[in-house]
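Below is one structure, written out as structure tokens; comments come after it.
Keep in mind that the numbers below use all heavy atoms, side chains included, and drop hydrogens, waters and symmetry copies. Start at 1 with the first residue, then count along the sequence. Read the numbers this way: they start at 1 and go in the same order the structure lists the ligands and their atoms.
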Amino acid sequence: MSDNSLHIPFNRPFFSGREVEFIQQAIAHSHISGDGVFTRKCHTFLEHALGVPRVLLTTSCTHALETAALLLDIKPGDEVIIPSFTFVSIPNAFVLRGARPVFIDIRPDTLNLDESQLERLITPRTKAIVVVHYAGVGCDMDTIMQVAGRHGIPVIEDNAHGLFGKYRGKYLGTFGCLATQSFHETKNFTCGEGGALLINDQRYIERAEIIREKGTDRNRFFRGEVDKYTWLDVGSSYLPSDILAAYLYAQLEVRELIQSRRQRIWEYYYEHFESWARNSGVRLPIVPPQCEQPYHLFYLLLPSLEERQALIAHLNARGVNSVFHYLPLHLSRMGRQFGGKEGDCPITEEVSDRLVRLPFYCDLTEDEQMRVVNALREFAEQELDEVR
Ligand SMILES: Cc1ncc(COP(=O)(O)O)c(C=O)c1O
């Protein structure tokens, strides 16, 4: 495609317009390292909005997961149950502590962890269960919390996709003892690279602050609770600069605007594809009635890998950038080192071949969306039969 103005990217980070103003304020405060005025504003905003006892901004969701692994004292020989259909940061956070990831398959409808398989995978070594609310659509938290509770296993919610999504009227990220958020540029709210740890179990608050501040009680020192700070525990530097927090706050404060724009985009796709998908064997996202999604992404499940690849190529040739999502972790080189093999997670293997994500960002115009819809319909009319 030669005319760049016609190109429709997969993602474009949202810009509310106040980011630079807030960054200038952060600079004027002469506190651009971590835990400055804007970090506190983001913490308070998220704690109030979600009803979480303590939120700590981190440098990424990956680092929030690493903090969670340290907080749960994960050790060599421990096992952690993780969906195979997810991002590599989750197993990495636990493998860094010497644990073995035990991969669980997903449900065919929501593409979330299949809770009916949990009991089978739990052993005396299981030290955590990590759930991922794929596309911000809640996992079956009733069953998951019951099974985990029965075995006394902590649940961590990776809520990278699901900020402000709900399950049975309760915010995602408020079910597990810990939850993690991402503010990477592909997420609904962003500061480029960033994340947060949501702490629902008060017992973890003090130690989380220490781990995030290089294993020291520097937070308590800044609050005037101790007269010097020192090395108390293992830790790292997981707090973002206040400049990033200023950028993020400019987005959080327009939460409703972001959510309503994303909802419009998601519904437009859904309405325009509904009957076409039914007649073409293409599956659209499923959102169960107990789930309120934050409209993070829109995917299609094509009938086969060949058709998915042909669609991505077709859209690319028309300047529309679409992408696949998540290769099965159990079949990656690392996953195989932990014993993963073909057939372990059949739904993950199949979905990974068939899923395509369409352009989805706040500024996507109706004209652009119409072009995506038309390019897809054209594919269905001209090419789908050939591939089949
Ligand atoms: C489910 C999930 N968890 C974690 C991450 C990692 O997020 P970050 O880039 O903020 O570390 C991603 C990245 O997209 C993700 O999809």
| query | N/O to N/O below 3.5 Å, does that happen between H325 and ligand 1? | reply | no
| From H161, K187, H184 - option closest to atom 13 (C) of ligand 1 by heavy atom | K187
| query | Taking the six-membered ring for Trp, are F103 and H330 parallel (under 30°), tilted (30 to 60°) or perpendicular (over 60°)? | reply | tilted
| request: Report the part of H63 (side chain from C-beta onward, or backbone N, CA, C, O) that has a heavy atom under 4.0 Å from ligand 1; answer both or neither where that applies. | output: neither
| query | Between V356 and I312, is any pair of side-chain heavy atoms under 4.5 Å apart? | reply | yes
| message | Using a 4.0 Å cut-off to any heavy atom of S60, which atoms of ligand 1 qualify? | response | 10 (O), 11 (O)
| request: Decide yes or no on side chain to side chain contact (heavy atoms under 4.5 Å, CB included) for F175 and V131, but give the supporting numbers first. | output: CA-CA 10 Å; F175 291 85; V131 305; over 6 Å; no
| message | One residue to check: T86. Relative to ligand 1, which of side chain, backbone, both or neither has a non-hydrogen atom less than 4.0 Å away? | response | side chain
| task | Ignoring angles and geometry beyond distance, decide whether S182 reaches within less than 3.5 Å of ligand 1 through its nitrogen or oxygen atoms. | result | yes
| What orientation do Y326 and H161 show, parallel under 30°, tilted 30 to 60°, or perpendicular over 60°? | parallel
| said: Just by distance, no angles: are the side chains of Q293 and H133 close enough, under 3.5 Å, to form a donor-acceptor pair? | reply: no
| message | Parallel, tilted or perpendicular: which one describes the rings of W276 and F273, with boundaries at 30° and 60°? | response | tilted
| note | Taking only non-hydrogen atoms of G194 and a 4.0 Å limit, the atoms of ligand 1 in range are 10 (O)
| field | Protein residue, atom and distance nearest to atom 15 (C) of ligand 1, heavy-atom basis | value | F87 CB, 3.5 Å
| Near C61, which atoms of ligand 1 are under 4.0 Å from a heavy atom of that residue? | 4 (C), 6 (C), 7 (O), 8 (P), 10 (O), 11 (O)
| query | Aromatic rings F45 and F164: how do their planes relate, parallel, tilted or perpendicular, breaks at 30° and 60°? | reply | perpendicular
| request: Look at atom CZ of R223 and say whether more than 12 heavy atoms of other residues, nucleotides or ligands are closer to it than 6.0 Å. | output: yes
| query | Can you tell me the protein heavy atom closest to atom 11 (O) of ligand 1 and the distance? | reply | T62 OG1, 2.5 Å
| Considering only heavy atoms, does Y134 approach ligand 1 within less than 4.0 Å through its side chain, its backbone, both, or neither? | neither
| message | Please verify the inter-ring angle class for Y229 with F222; under 30° counts as parallel, over 60° as perpendicular, anything in between as tilted. | response | tilted
| For ligand 1, which atoms sit closer than 4.0 Å to a heavy atom of S89? | 6 (C)
| query | Would you say the ring centroid of H325 lies under 6.0 angstrom from that of Y134? | reply | yes
| Under-4.0 Å heavy-atom contact with ligand 1, by part of D158 that carries it | side chain
| field | Atoms in ligand 1 with a heavy atom of A160 nearer than 4.0 Å | value | 1 (C), 2 (C), 3 (N), 15 (C)
| Do any nitrogen or oxygen atoms of Y326 lie less than 3.5 angstrom from nitrogen or oxygen atoms of ligand 1? | yes
